[in-house]
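Residue numbers begin at 1 in each chain, while the letters A, B, ... track the order of the sequences.
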Protein chains: 2
Amino acid sequence: MARLPLYLRALSALSERGVPTVSSEELAAAAGVNSAKLRKDLSYLGSYGTRGVGYDVEYLVYQISRELGLTQDWPVAIIGIGNLGHALANYGGFASRGFRVAALLDADRAVAGQRIAGMVVRHMDDLEQIVRDDHVSIGVITTPAPAAQGVCDRLVAAGITSILNFAPTVLSVPEGVDVRKVDLSIELQILAFHEQRKSAVDPAAPDLPAAAQPAASPAGGPAGDLPEVMPA
Amino acid sequence: MARLPLYLRALSALSERGVPTVSSEELAAAAGVNSAKLRKDLSYLGSYGTRGVGYDVEYLVYQISRELGLTQDWPVAIIGIGNLGHALANYGGFASRGFRVAALLDADRAVAGQRIAGMVVRHMDDLEQIVRDDHVSIGVITTPAPAAQGVCDRLVAAGITSILNFAPTVLSVPEGVDVRKVDLSIELQILAFHEQRKSAVDPAAPDLPAAAQPAASPAGGPAGDLPEVMPA
DNA sequence: TAATGTGAAGCTTTTCACAGCC
DNA sequence: GGCTGTGAAAAGCTTCACATTA
């Protein structure tokens with residue numbers, strides 16, 4: 001269930017503050033969901049709560065961690081060391097949940113060899129060997145969009161079955177391979193959509209008269225090219 | 001509808017290749033969805049297709065862009081110029097869809113003043129003024145988790161009603177303010193969950209016997225702290 | 001004939017509401 | 001009394017299948 005990580009985060013915060021137990025109501029509020037939903041979600045893991053009391057924070061942290069497979073080590077390889085790959089290599093949030101950046105790779109020989117976040121960037125030629133030797137189980141693709149499918153195919157061929165894709169492309173993979181995508185530009189587009197709705201409905205634009213009614217622009221709009229994760 | 005940006009991306013690719021019309025079947029395949037779903041989604045925008053022929057690519061690009069509000073300019077401010085903020089400031093994917101990085105801000109006076117992506121990073125003190133003067137409509141939060149709620153509150157107070165949050169925290173905002181979140185660590189956790197399932201079900205572990213059955217680890221698992229977007 | 005647009009069926013997710021247990 | 005766990009109702013979303021139209 002995709003909400004377990006959210007609960008885990010809220011529980012970890014409670015755990016740090018030394019809170020021993022929590023009710024579904026409180027935890028739901030902390031995770032930003034409805035309490036009935038939270039109880040139903042947790043009930044799929046088993047009956048880990050105590051009626052009349054709530055949930056034991058430490059116990060639930062452990063149970064969710066186990067369910068998510070976070071009690072084991074997950075070596076991750078990042079492919080494409082541009083701005084975003086660089087940022088992810090230095091991102092502290094991975095290590096704290098059992099994810100270990102095991103390798104950084106890039107197709108550019110000028111990038112390979114550089115030291116980033118205490119690691120030497122390897123060349124794509126070594127991909128298969130690195131996956132094998134370091135038991136990499138998750139690949140993170142931060143290449144430009146045109147390169148992503150090729151990299152994906154090589155990852156799959158090397159035996160990887162979980163891919164996190166930051167390149168703005170739909171990846172096609174064989175059955176049994178999981179792909180999750182993060183597209184920054186799509187998130188902004190969804191915000192813009194709602195933002196536009198607001199000013200269209202609300203007659204009194206809050207503060208900025210300049211951003212009022214969406215003008216009916218002339219046809220033949222933006223030709224729009226594929227946004228790339230890293231602009232060279 | 002959250003899938004429109006996906007369709008738009010597929011259509012833009014077709015447009016670049018000079019394809020004049022596309023059937024729901026083809027476009028659905030390119031966007032990675034089912035064709036009936038695509039037709040239903042598009043039917044909410046109006047009847048922009050031609051039975052027996054398909055959809056006019058250019059016309060549909062324009063209609064979706066208009067629906068999403070991409071025919072107007074969206075000035076974006078990025079708050080928190082660590083690794084991720086830095087990467088986003090340089091990210092080419094924004095500009096191509098009407099999103100313009102109007103300002104970079106940081107609470108650290110050592111960071112403020114630096115030039116990044118051709119812009120001077122401003123100090124948080126100037127936030128309200130920048131939002132007002134540059135008509136910023138979307139705020140992107142890339143601060144460490146503990147700072148996120150404070151920044152969010154200031155953005156809201158300054159009149160911003162759309163926020164993209166990269167900090168691993170649930171932000172609480174008043175009604176009418178939209179928040180979308182991107183949590184890199186959560187994406188990995190979901191992948192790990194499925195990955196674990198695979199090896200548990202599949203009796204023949206593909207290649208790596210080391211990563212086989214999830215061992216029943218001893219209780220009292222990882223104490224886990226809140227992952228931060230930027231480590232220091 | 002080819003492919004859209006759409007009621008209706010089917011499925012999934014969310015919410016309600018309360019029995020059951022501490 | 002308080003709070004979990006869970007059937008049952010409600011809502012939302014996806015898919016089917018076909019009438020409809022260029």
Side-chain angles (χ1 to χ4, degrees), chain A residues 1-8 10-11 14-15 19-64 67-68 170 175 178-181 186 190 193-194 197, chain B residues 1-8 10-11 14 19-64 67 170 175 178-181 186 190 193-194 197:
Chain A
M1 184 62 69
R3 281 182 299 265
L4 289 181
L6 220 64
Y7 303 155
L8 183 56
L11 283 165
L14 292 170
S15 168
V19 179
T21 61
V22 66
S23 72
S24 62
E25 205 87 38
E26 294 163 331
L27 183 53
V33 301
N34 161 312
S35 71
K37 197 190 309 196
L38 179 130
R39 287 201 301 279
K40 187 137 265 182
D41 286 347
L42 293 184
S43 77
Y44 285 107
L45 309 185
S47 290
Y48 295 141
T50 310
R51 290 165 200 244
V53 179
Y55 299 90
D56 181 282
V57 172
E58 295 300 331
Y59 185 54
L60 199 49
V61 163
Y62 170 66
Q63 291 298 345
I64 294 181
E67 182 75 12
L68 287 173
V170 175
E175 186 122 7
D178 277 305
V179 175
R180 293 193 64 85
K181 63 172 192 300
I186 282 183
I190 294 170
F193 171 73
H194 289 119
R197 283 277 160 111
Chain B
M1 183 64 68
R3 281 183 299 266
L4 289 182
L6 221 64
Y7 303 154
L8 183 57
L11 282 165
L14 291 170
V19 179
T21 62
V22 66
S23 72
S24 62
E25 204 88 39
E26 294 164 330
L27 182 54
V33 302
N34 164 309
S35 71
K37 198 190 307 196
L38 178 128
R39 287 201 300 279
K40 189 138 266 185
D41 287 347
L42 293 186
S43 77
Y44 285 107
L45 309 187
S47 291
Y48 295 143
T50 309
R51 291 166 200 243
V53 178
Y55 299 90
D56 182 283
V57 172
E58 295 300 331
Y59 185 54
L60 199 49
V61 162
Y62 170 67
Q63 290 298 345
I64 294 181
E67 181 74 12
V170 175
E175 184 121 9
D178 277 306
V179 175
R180 294 193 64 87
K181 63 172 193 302
I186 282 184
I190 294 171
F193 172 72
H194 290 119
R197 283 278 160 111

- Item | A:Arg197 vs B:Glu67, salt bridge (Lys or Arg N to Asp or Glu O under 4.0 Å): CA-CA, chis, key distance, verdict | CA-CA 9 Å; A:Arg197 283 277 160 111; B:Glu67 181 74 12; 3.1 Å; yes
Show me the donor-acceptor pairs within less than 3.5 Å that the side chains of residues 45-52 of chain B make with the rest of the protein, sequence neighbours left out.
{"from": "B:Tyr48", "atom 1": "OH", "to": "B:Leu45", "atom 2": "O", "distance (Å)": "3.2"}
{"from": "B:Tyr48", "atom 1": "OH", "to": "B:Gln63", "atom 2": "OE1", "distance (Å)": "3.1"}

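- Summarising the geometry, the separation between CG on B:Asn34 and C1' on D:dC16 is reported as 9 Å, rounded to the nearest angstrom.
- At a cut-off of 3.5 angstrom, counting only N and O atoms as typed in the model, there is no donor on one side facing an acceptor on the other between the side-chain of B:Arg51 and the base of D:dT21.
- Using a 4.5 Å heavy-atom cutoff, the side chains of B:Leu6 and A:Lys181 are in contact.
- Nucleotide D:dT15 holds its P atom 11 Å from the CG atom of B:Asp41, rounded to whole Å.
- By the 4.5 Å heavy-atom criterion applied to side chains, A:Leu27 and A:Val57 are not counted as neighbours.
- In this model, the phosphate group of D:dG5 is approached by a side-chain N or O of A:Tyr55 to a distance below 4.0 Å at OP1 or OP2.
- Checking each of B:Asp56, B:Leu11, B:Leu14 against B:Val61 for a side-chain contact (heavy atoms from CB on, under 4.5 Å) leaves exactly one that passes, namely B:Leu11.
- A residue-by-residue look at A:Thr50 and A:Lys37 shows that A:Lys37 has its nearest nucleotide of DNA chain C further toward the 5' end.
- In this structure, A:Asp56 atom CG and D:dT4 atom C1' are separated by 15 Å, rounded to whole Å.
- Across all strands, A:Tyr48 comes closer than 4.0 Å only to sugar-phosphate atoms, never to a base (heavy-atom distances).
- A straight line from CD of A:Glu25 to C1' of D:dC3 spans 9 Å, rounded to a whole angstrom.
- Counting to the nearest Å, the C1' atom of D:dC16 and the CG atom of B:Leu38 are 16 Å from each other.
- Close approach of DNA chain C to chain B, defined as any atom under 4.0 Å from a non-hydrogen atom of the protein, starts and stops at C:dA2 to C:dA8.
- In this structure, the separation between CG on A:Asp178 and CZ on B:Phe193 is 10.5 Å, given to the nearest 0.5 Å.
- Within the 4.0 Å cut-off from OP1 or OP2 of D:dT6, not a single side-chain nitrogen or oxygen of A:Lys40 is found.
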